[in-house]
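What follows is a single structure, written as structure tokens, with notes after it.
In this text the structure is predicted, and so the values were computed from the model without any measurement. Proteins get letters first, then strands, A, B, ... in listed order; numbering begins at 1 in each.
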2 protein chains.
Amino acid sequence: MTSRQTEQAEREVSRLLSARGVRFTAARRQVIYALALATGPMAAGELHGTLRGRVPLSSLYRTLAVLEEARVLSKEHDSMGIARYELAESLLGHHHHLVCLTCGEVRDVGIDPPTEDTVVRLVEDIARRAGYRATGHRIDIEGTCASCLTA
Amino acid sequence: MTSRQTEQAEREVSRLLSARGVRFTAARRQVIYALALATGPMAAGELHGTLRGRVPLSSLYRTLAVLEEARVLSKEHDSMGIARYELAESLLGHHHHLVCLTCGEVRDVGIDPPTEDTVVRLVEDIARRAGYRATGHRIDIEGTCASCLTA
DNA sequence: TTCCTTGCAAACGATTTGCATTGGA
DNA sequence: TCCAATGCAAATCGTTTGCAAGGAA
């Protein structure tokens with residue numbers, strides 16, 4: 001995320017939080033910054049490290065829960081079952097994930113609009129036939145990342 | 001899965017296990033049967049219930065680990081971070097998942113071959129551009145299932 | 001006999017929560 | 001002041017593991 005985008009995102013986050021009567025504290029700001037700089041969803045432990053332990057794990061989890069509740073962050077679970085957080089798509093834009101099955105790295109990837117349209121039609125079609133109403137989709141591309149390929 | 005498919009799958013499982021010097025015991029057979037009848041991936045706790053507690057949880061987890069190691073089962077984590085198991089795609093065929101965000105149900109869905117081809121090309125293209133070598137993909141269609149829609 | 005397998009109980013690790021304290025509006 | 005936010009320690013819960021007993025080849 002560029003610093004310009006980060007500024008814009010910060011205003012949006014501030015709005016989302018105050019709409020809930022929730023404060024935009026230092027710890028929350030630091031989590032947002034760390035995630036804005038990340039190239040993919042981060043685990044609580046990774047964030048704790050990135051923040052150099054300045055936010056205790058229990059507080060960090062509470063921070064993440066508050067931000068998720070306010071729809072500032074989204075949460076998912078990686079292949080080890082560990083929770084990973086990233087900025088919500090309303091801030092980061094729609095994207096998918098490249099997952100390295102060797103080292104576990106998860107990286108964001110964009111998808112061009114025409115292809116995304118194709119995917120959306122496909123997804124809604126499948127859902128309809130099964131009696132579901134589709135509200136979203138998630139595509140994980142599993143493979144081996146560049147550095148694991150050469151290693 | 002039809003009973004005919006189940007027979008065939010059972011022979012394949014037997015082969016995969018004996019290739020590893022691993023026995024096809026009663027508990028393992030029961031897990032395979034339960035999963036062959038399931039409409040989507042099951043959590044250990046659900047299997048434990050389906051098997052009416054005949055297999056203690058710790059043994060069940062060991063059974064699942066052995067079967068996964070032998071590539072008879074595949075494991076993933078649902079939106080709560082809980083592990084769910086299903087027959088490997090080599091037995092069940094390639095498919096994707098419909099996820100009901102309301103009740104948590106996960107259901108298998110097939111995808112027609114031409115569309116799947118499109119998806120594969122798309123996925124490999126994205127991976128290549130990021131320096132990854134793609135080995136597979138996973139699509140979760142998130143939405144609301146038929147019974148939650150009417151409820 | 002020789003290993004693989006099982007069951008129980010204890011251990012683990014990520015995450016959550018109770019409670020007393022702190023701090024911002 | 002008042003209530004949200006914080007930090008520590010203890011609790012939770014899905015999952016894993018140590019160990020001794022059971023079972024098939």
Side-chain angles (χ1 to χ4, degrees), chain A residues 13-35 41-70 72-86 104 106, chain B residues 13-35 41-70 72-86 104 106:
Chain A
V13 170
S14 178
R15 198 182 61 71
L16 284 166
L17 292 183
S18 62
R20 296 192 158 241
V22 165
R23 295 178 198 150
F24 200 177
T25 64
R28 290 170 189 171
R29 228 174 265 277
Q30 290 180 24
V31 167
I32 302 292
Y33 281 135
L35 290 178
M42 295 180 75
E46 292 171 354
L47 275 165
H48 185 248
T50 297
L51 301 180
R52 294 172 175 273
R54 286 190 297 268
V55 181
L57 268 174
S58 68
S59 299
L60 186 49
Y61 276 112
R62 269 197 271 240
T63 295
L64 292 166
V66 166
L67 294 176
E68 189 198 358
E69 181 67 19
V72 170
L73 302 185
S74 68
K75 174 186 185 177
E76 66 190 276
H77 290 268
D78 66 18
S79 62
M80 304 297 293
I82 293 175
R84 287 180 174 273
Y85 299 83
E86 64 183 346
V106 182
Chain B
V13 170
S14 178
R15 198 182 62 71
L16 284 167
L17 292 184
S18 60
R20 297 195 158 241
V22 165
R23 297 179 197 146
F24 199 177
T25 63
R28 291 171 189 169
R29 228 172 265 278
Q30 291 179 23
V31 167
I32 302 292
Y33 280 135
L35 290 177
M42 295 180 74
E46 292 171 354
L47 275 166
H48 186 248
T50 296
L51 300 181
R52 295 174 173 270
R54 286 190 298 267
V55 181
L57 267 176
S58 67
S59 300
L60 186 49
Y61 276 112
R62 270 198 272 239
T63 294
L64 293 166
V66 166
L67 295 176
E68 190 199 359
E69 181 67 19
V72 170
L73 302 185
S74 68
K75 175 185 183 176
E76 65 190 276
H77 290 268
D78 66 18
S79 63
M80 303 298 292
I82 292 176
R84 286 180 175 274
Y85 299 83
E86 63 182 346
V106 183

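Inter-residue side-chain proximity for Val22(B) and Leu16(B) is flagged as unmet; no heavy-atom pair is nearer than 4.5 Å. Contact check for Leu67(A) versus Tyr85(A): no side-chain heavy atoms found under the 4.5 Å cut-off. Contact annotation: the side chain of Val55(B) never approaches that of Val31(B) to less than 4.5 Å [non-hydrogen atoms, C-beta and beyond]. Residues Leu47(B) and Leu35(B) are in side-chain contact: their nearest non-hydrogen atoms beyond the backbone lie under 4.5 Å apart.
Residue Arg28(B) is classed as a sugar-phosphate contact, given heavy-atom separations below 4.0 Å to backbone atoms only. Residue Ala43(A) is out of contact with every strand shown, counting any heavy-atom pair closer than 4.0 Å. No contact: Val66(A) has no heavy atom under 4.0 Å from any strand. Here Ala65(A) lies out of heavy-atom contact (under 4.0 Å) with every strand.
Along DNA chain C, the nucleotide closest to Arg62(A) and the one closest to Arg62(B) are compared, and the more 5′ of them pairs with Arg62(B). Take the nearest nucleotide of DNA chain D for Thr63(A) and for Tyr61(B): the residue whose nucleotide is more 5' is Thr63(A).
The OH-C1' distance, from Tyr85(A) to dT15(C), rounds to 8 Å in whole Å. As rounded to whole Å, 14 Å separates atom C1' of dT6(D) from atom CG of Leu57(A). Rounded to an integer number of Å, the gap from CE of Met80(A) to P of dT15(C) is 12 Å. The separation between Phe24(B) atom CZ and dC4(C) atom P is 19 Å, rounded to whole Å. In this structure, Leu64(B) places its CG atom 9 Å from P of dT16(D), rounding to the nearest Å. Atoms CG (Leu60(B)) and C1' (dT16(D)) sit 13 Å apart, rounded to a whole Å. At whole-Å resolution of the value, CE in Met42(B) and P in dT15(D) are 13 Å apart. dT6(D) atom C1' lies 13 Å from atom CD of Gln30(A), rounded to whole Å.
Arg29(B) has no side-chain polar atom (N or O) that falls below the 4.0 Å cut-off from OP1 or OP2 of dT5(C). Dashed line: the shortest gap from a side-chain N or O of Ser58(A) to OP1 or OP2 of dT16(C) is not under 4.0 Å. When the side-chain nitrogen and oxygen atoms of Ser59(A) are compared with OP1 and OP2 of dG7(D), one or more of them lie within a distance under 4.0 Å. Contact annotation: Arg54(A) does not reach the phosphate of dG7(D) (side-chain N/O to OP1 or OP2, under 4.0 Å). Look at Thr25(A) and you won't find any side-chain N or O under 4.0 angstrom from OP1 or OP2 of dG23(C). Note on Arg23(A): every side-chain N or O is 4.0 Å or more away from OP1 and OP2 of dT6(D).
Across all non-hydrogen atoms, the minimal contact from Leu57(A) to Ala44(A) is CD2-O, 4.2 Å.
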